[in-house]
There are 2 protein chains.
Amino acid sequence: MRESEKETVRALPIFSGMFQDNFDALLAGSFLQRFPASVVLFSESDLTDFLHILIEGQVELFASANNREGTMTLIKPVATFVLASALIDGAYQMSARTLEASRILMIPAENVRTAMLKDRDFAQKAVLELASCYHGVVRAYKNIKLRTAVERLANYLLVQHERQGTNGALVLPVEKRTLASVLGMTPENLSRAFSTLKPYGVVVDGPNIVLNKMDDLKTIAKPSEFIDAN
Amino acid sequence: MRESEKETVRALPIFSGMFQDNFDALLAGSFLQRFPASVVLFSESDLTDFLHILIEGQVELFASANNREGTMTLIKPVATFVLASALIDGAYQMSARTLEASRILMIPAENVRTAMLKDRDFAQKAVLELASCYHGVVRAYKNIKLRTAVERLANYLLVQHERQGTNGALVLPVEKRTLASVLGMTPENLSRAFSTLKPYGVVVDGPNIVLNKMDDLKTIAKPSEFIDAN
DNA sequence: ATTGCGACTTGACATTTATCAAGCGATTTA
DNA sequence: TAAATCGCTTGATAAATGTCAAGTCGCAAT
C-alpha cells in the first residue's frame with residue numbers, strides 16, 4: 001500500500017479522528033487490492049476475515065437461497081461494508097461481487113475489534129456507521145414489504161433524480177438487470193414497470209431516463225421520508 | 001423504580017459490566033412504565049427520546065406506508081429496542097405498540113449516548129447488540145425477498161418447533177393475524193398457506209400445531225442457516 | 001342467556017409477479 | 001466479417017398473492 005493511498009484512507013471520516021498509533025495498528029496487515037469486474041469477493045458462509053472499504057469501483061452484496069438470488073445492497077465508493085460481521089466474528093451473512101473493476105482496502109477483522117476497544121473516536125464513528133446501516137436495511141425491508149414493484153421503481157427514479165441534480169433527467173447507475181435485482185423483481189418485470197410508468201412522464205432510452213411529469217410520478221410513487229434514502 | 005427492579009436491570013448482560021457510577025448516571029431520569037395491551041408507544045416519525053427495554057409483555061415494531069402496514073419484528077422480554085435510533089438521535093423510523101400488557105424500562109437516549117462514550121464495557125455490549133440486530137433485519141430481508149409465503153411459514157414453524165423443545169408440536173406465540181403480518185402476507189393467505197402445508201404433516205388446531213412429517217416439511221421449507229434465526 | 005364483536009376460514013375473483021419463449025440490437029469473439 | 005453472446009424487450013401463460021364477501025366460532029359485554 002502506497003503512502004499516498006494511506007493518506008487518502010487516513011482522511012476518511014471514519015479514520016480521521018483516530019490516534020496515529022491506533023491507525024497504524026489498524027492498518028497493519030491490511031492491503032489495498034485491485035479486483036476485476038464480476039469477481040466474487042466472499043460468500044455468505046465464509047468467516048469474516050476482513051472489514052472491506054471500497055475505494056473505487058462498485059460492489060454488490062447479495063444473498064442466495066433455493067435457486068434464487070437477490071441483491072441486498074449496492075456499495076459505492078467510498079464506503080465500508082460488512083462492518084457488523086467484522087465486529088461479531090462470524091460468517092459474512094452476505095456474498096459480495098464486484099460489478100466493475102474495483103480497489104478495495106481490506107482490514108483484518110481482528111484489528112477492527114481491537115481498534116474498537118482502544119480508540120474512542122473510531123469506536124464512536126463505527127457505531128454511528130453501523131446504526132446508519134441498520135436503518136438502511138430497515139428502509140429496504142419496508143420498501144419491499146409495503147410497496148408494489150411499480151411503486152419501488154417510481155421511488156427509485158425520484159431518489160436518483162434528486163441525487164443527480166433534480167434537472168428532469170437521470171442516468172441509471174447500474175445495468176437494468178442489476179436494478180431489477182435491487183428492486184426485488186425480474187428483469188422482465190422491470191421492463192414492464194417502466195412501461196407502466198410511461199403515462200406518468202417516464203421516458204426511457206437505454207440507461208437515460210427523462211421525467212416529464214414529476215407531480216404525476218410523485219402521485220403514483222407516494223414517496224416516504226422513512227423509506228426512501230435521503 | 002423500585003430497588004428490586006433496579007437490581008434486575010443491573011443483572012442484564014448489557015448492563016452487568018458497567019461501572020456503578022456510569023450505571024447510576026444512565027438510569028437517572030429513566031423510568032419503568034406499565035402499559036396495557038394495544039397501546040402505541042411511539043410513531044416512526046417521532047424523535048427518539050428513549051431507549052426502550054422490554055422487561056415483561058410483548059411489543060410489535062411496525063411500519064406504515066400507503067394504506068398498508070407491516071410488522072418489522074416482534075420484541076420479547078428481555079430485550080432492548082430502537083437502540084440504533086437512540087444512538088443516531090433522529091426519528092424512531094419504526095412505530096411500536098404493545099401486543100400484551102407490558103413493562104418497559106425507558107432510558108433517555110441522551111443518557112445512552114453519554115454512557116457509550118464513558119463506559120467501555122457498555123459500549124462494547126451495545127455495539128454487539130446493534131450488529132446482531134443488523135443481521136436480524138438482513139435475515140428478515142432475505143426471507144421475504146427469496147422465499148414464497150408458504151416457504152416462510154414452513155420455516156417459521158421449524159424454528160418455533162426447535163425453540164419449543166423439538167417434540168413434534170408447537171404453540172403459536174402470537175395471534176394468526178399478527179403472524180401473517182410478521183411473515184408478510186394477509187391473514188387469508190396465511191390460512192391458505194396452512195392448508196397448503198397439510199399434506200406435509202402440519203396439523204392445525206387453533207394456536208396448537210403438530211408436525212407429523214418433519215422430513216417432508218423440511219423438504220418444502222429448504223431451511224437456511226443464513227436466513228432462519230438460530 | 002343473548003347479543004355483538006373479532007378472529008379465523010373459505011370461496012370467488014382480481015391483481016401482481018414470475019416463467020417460458022422468441023426476437024432484436026449491440027458488443028464481443030473467433 | 002461472421003458468429004456468438006448478452007442485455008433487453010415483448011407476448012403468452014402460469015403461479016403467487018391480495019381483495020371482497022360471506023359465514024362460523026368463541027369470547028366478552030350487556
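The structure presented is a predicted model; accordingly, all values stated were derived computationally and were not measured. So you know, we letter chains A, B, ... as the sequences are listed, proteins then strands, and number each from 1.
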For residues 54-62 of chain A, please give each side-chain donor-acceptor pair under 3.5 Å, one per line with the distance, not counting sequence neighbours.
unit_1	atom_1	unit_2	atom_2	d
A:Glu56	OE1	A:Arg103	NE	3.1
A:Glu56	OE1	A:Arg103	NH2	3.3
A:Glu60	OE1	A:Arg97	NH1	2.6
A:Glu60	OE2	A:Thr71	OG1	2.5

What pairs with A:Glu100 under side-chain hydrogen bond (donor to acceptor under 3.5 Å, both in side chains), at least two apart in sequence or on another chain?
none

My understanding is that only residues two or more places apart in sequence, or in another chain, count here; which of them pass side-chain hydrogen bond (donor to acceptor under 3.5 Å, both in side chains) with A:Lys218?
none

Can you build the contact string for nucleotides 7-18 of chain D? Use B for base contact, S for sugar-phosphate-only contact, and - for no protein heavy atom under 4.0 Å.
SSSBBB----SS

To the nearest 10°, let me know how far the axis at one end of the helix from C:dA1-D:dT30 to C:dA30-D:dT1 is tilted from the axis at the other, five pairs an end.
40°

Checking B:Ser95 side chain against B:Ala63 main chain: does a donor-acceptor pair fall under 3.5 Å?
no

Taking distance alone, no hydrogens or angles, what donor-acceptor pairs closer than 3.5 Å link side-chain atoms of residues 182-203 of chain B to residues at least two apart or in another chain?
unit_1	atom_1	unit_2	atom_2	d
B:Thr186	OG1	B:Asn189	N	3.2
B:Ser195	OG	B:Ser191	O	3.2
B:Thr196	OG1	B:Arg192	O	2.9

Assign a letter to each nucleotide of nucleotides 25-30 of chain D from its 5' end: B, base within under 4.0 Å of a protein heavy atom; S, sugar-phosphate only; -, no contact.
------

Quick one: closest heavy-atom pair of A:Leu130 and A:Ala84, and the distance?
CD1-CB, 3.7 Å

Smallest heavy-atom separation, B:Ser181 atom then B:Glu69 atom, equals OG-O, 4.4 Å

Quick one: side-chain hydrogen bond (donor to acceptor under 3.5 Å, both in side chains) partners of A:Ser85, sequence neighbours excluded?
B:His135

side-chain contact (heavy atoms from CB on, under 4.5 Å) involving B:Asp46 - partner list, sequence neighbours excluded
B:Phe42, B:Ser43, B:Tyr92

Sequence-distant partners of B:Thr80, side-chain hydrogen bond (donor to acceptor under 3.5 Å, both in side chains), two or more places apart
B:Glu129

With heavy atoms of chain B within less than 4.0 Å as the criterion, where does contact along DNA chain C begin and end?
C:dA7 to C:dA12

Once side-chain contact (heavy atoms from CB on, under 4.5 Å) is applied, do any residues pair with A:Ala91, and if so which ones, sequence neighbours excluded?
A:Gln93, B:Phe226

Within the 6.0 Å centroid threshold, strictly below: A:Phe81 and A:Phe50:
no

